[in-house]
Amino acid sequence: MKNEIEFLIQSAIISLVNAGALPEEVAAEVTLSRPREAKHGDYATSIALQLAKPARRKPRELAEAIVAVIGEDARIERIEIAGPGFINIHLSPAARQAVIGEILAAAENYGRSRLGAGRKVQVEFVSANPTGPLHVGHGRGAAYGAALAELLAAAGFSVHREYYVNDAGRQMDILAVSVWMRYLQRCGIDVPFPANAYKGDYVREYAERLYTQEGDGWAVSRQQLLDNLPPDAPEGGDKETYIDALIARVRELLGDNRYRFVFELGLNLTLDDIRDDLAAFGVEYDEWFSERSLTERGRVNKVIEQLRDANLLYEKNGALWFRSSEFGDEKDRVVQRDNGQTTYFASDIAYHLDKFERGFERVIDIWGADHHGYIPRVMAALTALGIEAERLDVLLVQFAILYRGGERVQMSTRSGSFVTLRELREEVGKDAARFFYVMRAASQHLDFDLDLAKSQSADNPVYYIQYAHARVASVMRQLAERGLAHDRARGLAHLDRLTSTHEQALINLLGRYPELIESAALAAEPHQIAQYLRELAQGFHTWYNAEQFIVEDAELRDARLDLCLAVQQVICNGLHLLGVSAPETM
RNA sequence: GCGCCCGUAGCUCAGCUGGAUAGAGCAUUCGCCUUCUAAGCGAACGGUCGCAGGUUCGAGUCCUGCCGGGCGCGCCA
């Protein structure tokens with residue numbers, strides 16, 4: 001409806017221009033807004049105010065000219081010019097009510113848009129290092145990314161959901177060594193656990209697997225392991241230097257095959273865990289993209305050559321540097337270390353290039369806010385490789401802080417006592433977790449109140465919204481119990497009976513939903529959906545308390561039930577986008 | 001020091017990409033169940049939109065400078 005009205009006004013302006021009543025250069029884009037005040041109509045535009053100056057005409061006079069050209073239209077009851085020159089459009093009751101029929105006919109497709117026109121968009125999110133279980137910080141990225149992907153799909157984009165698996169690099173070696181050290185301890189060998197290793201209990205579980213499979217056959221002596229190693233942090237050494245030396249030693253002692261085995265064991269068990277966890281969180285991917293595969297396919301070296309050929313690399317202190325500062329980054333960056341190893345950044349350049357080579361028109365990365373400093377170098381690399389940086393959107397998700405009993409829940413990765421996403425899910429449930437994570441703008445720090453998320457009351461927005469959905473189902477059950485049947489067509493034929501302010505407000509809200517999908521998708525703001533659903537549920541609860549639906553008058557009854565079902569459908573569709581279930585009973 | 005994000009009601013936050021009298025929820029106070037789920041509804045109370053300038057018909061929204069908070073500034077990933 002909004003688009004139709006916009007088109008109407010746009011056409012009016014064009015015909016004024018054609019008639020010479022307006023200079024050509026004023027043909028601006030007409031945008032409609034939903035006025036806050038009901039008396040300002042269903043839609044309003046300030047186009048006359050915007051055009052007044054370039055057209056050298058008084059705003060109200062211009063508004064009158066535009067309105068005169070529009071003339072009569074069946075969808076419009078009346079058009080008013082208000083204030084300094086706003087054009088307020090009041091839809092005809094029939095045009096407004098028609099949305100109920102549209103919703104019931106389109107069902108789960110109501111609100112879907114062709115805005116994206118099938119354009120290929122990739123959304124990469126979570127992509128946490130597979131060195132341990134996901135924690136609550138990753139949960140927000142997961143919930144946000146999944147909701148955004150759904151939203152873009154609903155807006156007509158062809159969406160590809162991807163998880164970038166950092167299965168190469170030093171962090172994975174540290175995990176392998178962590179597992180190996182726990183294994184040795186399991187074998188009864190007294191070795192100190194490195195300061196920089198992964199201390200979580202899951203590492204012991206992985207080691208137990210290895211022990212179950214191999215017994216103590218892969219064990220070595222303390223002497224063999226530690227001989228001539230530099231001191232670890234507790235002995236006054238450097239934990240980084242120590243762990244690197246230890247990694248080299250373990251490799252040497254185990255040999256390639258066995259080292260590989262331990263490495264893969266850690267990687268695969270962790271990935272299985274992450275996959276299961278996300279699946280239970282309602283988050284599914286189209287692709288799990290391996291970082292290692294980039295190296296194996298020579299993509300990293302290839303991109304380095306590409307940069308070298310473009311004369312964008314130089315050597316300094318034995319390392320290879322990319323001139324990213326020439327493309328807006330604050331300093332140049334190393335792509336290959338003095339030991340010959342390529343950096344994570346080098347892989348990331350190859351990865352982003354690969355994304356665009358796979359044909360995505362637009363690529364969205366969702367990162368934790370702590371990675372924001374990394375954006376300019378990735379953008380610089382893309383620009384250097386001839387890809388317009390605008391095609392990549394890096395969306396930052398701020399931290400979520402958990403509160404329990406009014407107290408901040410402390411999290412510490414170092415001690416291994418962090419709160420995992422799984423624990424959160426088990427404590428508050430998938431629905432509440434998914435909803436709470438996306439109910440605020442991603443750019444806002446999120447206070448996640450665990451007690452509220454668990455509470456089954458109106459204070460809890462998830463239950464409030466789900467309750468509205470369940471209430472409709474309950475009304476329909478009551479109807480059946482009273483031996484009555486719902487006649488949708490009869491209701492649709494008598495929508496003019498829905499005259500109360502509550503009903504009008506609900507109908508207006510329902511009509512906004514398709515516009516909301518588009519605006520939320522374009523702005524990458526799933527929280528708009530969450531806010532809207534609360535508003536819609538509130539409108540429904542208010543109506544529910546004010547009026548009986550199951551009344552004697554069958555025409556009125558069916559009209560009201562049609563509205564009920566339309567509300568239920570939109571709540572269901574909206575919750576689906578957010579990954580929250582829509583229960584029939586509560 | 002430099003860069004990014006954020007400052008809106010006592011608290012947690014919206015504010016539709018510059019519009020009309022700044023809105024919700026919670027908290028507080030007062031009401032509503034013999035009637036479709038009270039996991040609900042209604043009402044009241046509550047604001048120098050961090051501060052100061054600027055841009056214009058019009059600024060919570062855009063620009064500049066301060067103040068306050070978060071995060072980041074590795075040959076880690």
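All values below were derived from every heavy atom in this structure, side-chain atoms included, with hydrogens, water molecules and symmetry-related copies excluded. Chain letters run A, B, ... following the sequence lines, proteins first and then strands; every chain starts at 1. The shown structure was predicted, so the numbers you read here are calculated from the model rather than taken from an experiment.
- Atom P of G42(B) sits at a distance of 29 Å from the matching atom of G60(B), rounded to the whole Å.
- Enclosure of atom CD in E552(A) is not indicated, since only 12 or fewer non-hydrogen atoms of other residues, nucleotides or ligands lie within 6.0 angstrom.
- Annotation: cation-pi pair R471(A)/Y544(A) present, NZ/CZ under 6.0 Å from the ring centroid and within 45° of its normal.
- Counting non-hydrogen atoms under 4.0 angstrom, A369(A) reaches the backbone sugars and phosphates but no base.
- The gap from the C1' atom of C45(B) to that of G7(B) amounts to 25 Å, rounded to the nearest Å.
- For K331(A) and G3(B), the shortest distance from a side-chain N or O to OP1 or OP2 is not below 4.0 Å.
- Using a 4.0 Å cut-off, some side-chain N or O of H527(A) falls inside it from OP1 or OP2 of G15(B).
- Using atom C1' as the reference point in both C49(B) and U8(B), the two lie 4 Å apart (nearest Å).
- Evaluation of H40(A) against the base of A20(B) yields a stacking contact (centre distance < 5.5 Å, interplanar angle < 30°).
- A distance-only check finds no donor-acceptor pair linking the side chain of R557(A) to the backbone of F549(A) [under 3.5 Å].
- Of the nucleotides present, none pairs with U55(B) by Watson-Crick or G-U wobble criteria with both distances under 3.5 Å.
- Y163(A) and W288(A) have parallel rings, their planes meeting at less than 30° on a 0 to 90° scale where 60° marks the start of perpendicular.
- The CG atom of D449(A) sits 11 Å away from the P atom of C13(B) (whole-angstrom rounding).
- Rounding to whole angstrom units, CG of residue L450(A) and P of U12(B) are separated by 16 Å.
- Across all strands shown, C49(B) forms no Watson-Crick or G-U wobble pair with both distances under 3.5 Å.
- Residue side chain H372(A) reaches the base of C71(B) through a donor-acceptor N/O pair under 3.5 Å, judged by distance alone.
- Using a 4.0 Å heavy-atom cutoff across all strands shown, Q398(A) reaches sugar-phosphate atoms only and no base atom.
- Between R333(A) atom CZ and A77(B) atom P there is a gap of 13 Å when expressed in whole angstrom units.
- With a cut-off of 3.5 Å on both Watson-Crick or G-U wobble distances, the partner of A44(B) is given as U28(B).
- Counting to the nearest Å, the C1' atom of C5(B) and the CD1 atom of I375(A) are 10 Å from each other.
- Glycosidic conformation at C33(B) (O4'-C1'-N9-C4 for purines, O4'-C1'-N1-C2 for pyrimidines): syn, within 90° of 0.
- A cation-pi arrangement is found for R534(A) relative to Y464(A), the charged atom lying closer than 6.0 Å to the ring centre and inside a 45° cone about the ring normal.
- If you measure from atom CD of E525(A) to atom P of C13(B), you get 15 Å, rounded to the nearest angstrom.
- When each of A82(A) and Q531(A) is assigned the nucleotide of RNA chain B bearing its nearest heavy atom, the one mapping closer to the 5' terminus is Q531(A).
- In this structure, the side chain of E326(A) does not engage the main chain of L312(A) through any donor-acceptor pair within 3.5 Å.
- Using P as the reference atom, G50(B) and G68(B) are 16 Å apart when rounded to the nearest Å.
- Using N1 to N3 plus N6-O4 or O6-N4 for Watson-Crick, or N1-O2 and O6-N3 for G-U wobble, each under 3.5 Å, G1(B) pairs with C73(B).
- Closest to the side chain of E330(A), from the set G19(B), C73(B), C76(B), is C73(B).
- Counting non-hydrogen atoms under 4.0 angstrom, R440(A) reaches a base of the nucleic acid.
- Rounded to an integer number of Å, the gap from CZ of F436(A) to P of C26(B) is 12 Å.
- Between the side chain of N88(A) and the base of A20(B) there is at least one donor-acceptor pair of N/O atoms closer than 3.5 Å.
- Under the Watson-Crick or G-U wobble criterion, with both distances below 3.5 Å, A20(B) has no partner in any strand shown.
- A distance of about 11 Å separates the P atoms of G65(B) and C4(B), rounded to the whole Å.
- Nearest nucleotide to the side chain of Q50(A), out of A38(B), G19(B), A24(B): G19(B).
- E518(A) comes within 4.0 angstrom of no nucleic acid atom, judged by non-hydrogen atoms across all strands.
- With distances taken from any side-chain atom of K39(A) to the nucleotides U21(B), C16(B), A14(B), the minimum falls on U21(B).
- Here Q444(A) lies in heavy-atom contact (under 4.0 Å) with sugar-phosphate atoms only.
- In this structure U34(B) sits in no base pair that meets the Watson-Crick or G-U test at under 3.5 Å.
- When distances run from any side-chain atom of Q548(A) to the nucleotides C73(B), G72(B), U35(B), the shortest one goes to U35(B).
- No donor-acceptor distance shorter than 3.5 angstrom exists from the side chain of E315(A) to the backbone of A319(A), with no hydrogens or angles considered.
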- Show the numbers, then the answer: is there a side chain to side chain donor-acceptor pair (under 3.5 Å) between R440(A) and Q444(A)? CA-CA 7 Å; R440(A) 305 299 184 206; Q444(A) 286 277 349; over 6 Å; no
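- The side chain of N545(A) lies closest to C41(B) when the candidates are A77(B), C41(B), G19(B).
- Taking only side-chain nitrogens and oxygens, R471(A) comes nearer than 4.0 Å to OP1 or OP2 of A38(B).
- Side-chain proximity of F549(A) to G19(B), C36(B), G15(B): nearest is C36(B).
- A 3.5 Å limit on both hydrogen-bonding distances identifies C67(B) as the Watson-Crick or G-U partner of G7(B).
- More than 12 heavy atoms of other residues, nucleotides or ligands lie within 6.0 Å of NZ in K454(A), so this atom counts as buried by the packing criterion.
- T131(A) comes within 4.0 angstrom of no nucleic acid atom, judged by non-hydrogen atoms across all strands.
- One atom, CD of Q538(A), and another, C1' of G42(B), lie 11 Å apart when rounded to the nearest Å.
- At G42(B), one or more side-chain N or O atoms of T542(A) fall inside 4.0 Å of OP1 or OP2 (strictly under the cut-off).
- When both pairing distances are held under 3.5 Å, A14(B) makes no Watson-Crick or G-U pair with any nucleotide shown.
- Of the side-chain N and O atoms in R337(A), one or more sit less than 4.0 angstrom from OP1 or OP2 of A77(B).
- Atom name C1', nucleotides C67(B) and A20(B): the rounded distance is 33 Å, in whole Å.
- Taking for each of S443(A) and A44(A) the nucleotide of RNA chain B with the nearest heavy atom, the 5'-most of the two is the partner of S443(A).
- Only one option out of Q171(A), E291(A), M172(A), R292(A) pairs with N166(A) in a side chain to side chain contact (heavy atoms under 4.5 Å, CB included); it is E291(A).
- Stacking between Y464(A) and A39(B) is absent: the aromatic ring centre is not both under 5.5 angstrom from the base six-membered ring centre and within 30 degrees in plane angle.
- The P atoms of U55(B) and C63(B) are separated by 15 Å, rounded to the nearest whole Å.
- At a threshold of 4.0 angstrom between heavy atoms, the contacts of D329(A) with the nucleic acid are absent.
- Using P as the reference atom, G47(B) and C11(B) are 12 Å apart when rounded to the nearest Å.
- In the set A39(B), C4(B), C75(B), A39(B) carries the atom at the smallest distance from any side-chain atom of Y463(A).
- One interatomic measurement links the two molecules: CD1 of I304(A) to C1' of C75(B), which rounds to 13 Å at whole-angstrom precision.
- When distances run from any side-chain atom of D447(A) to the nucleotides U12(B), A77(B), C75(B), the shortest one goes to U12(B).
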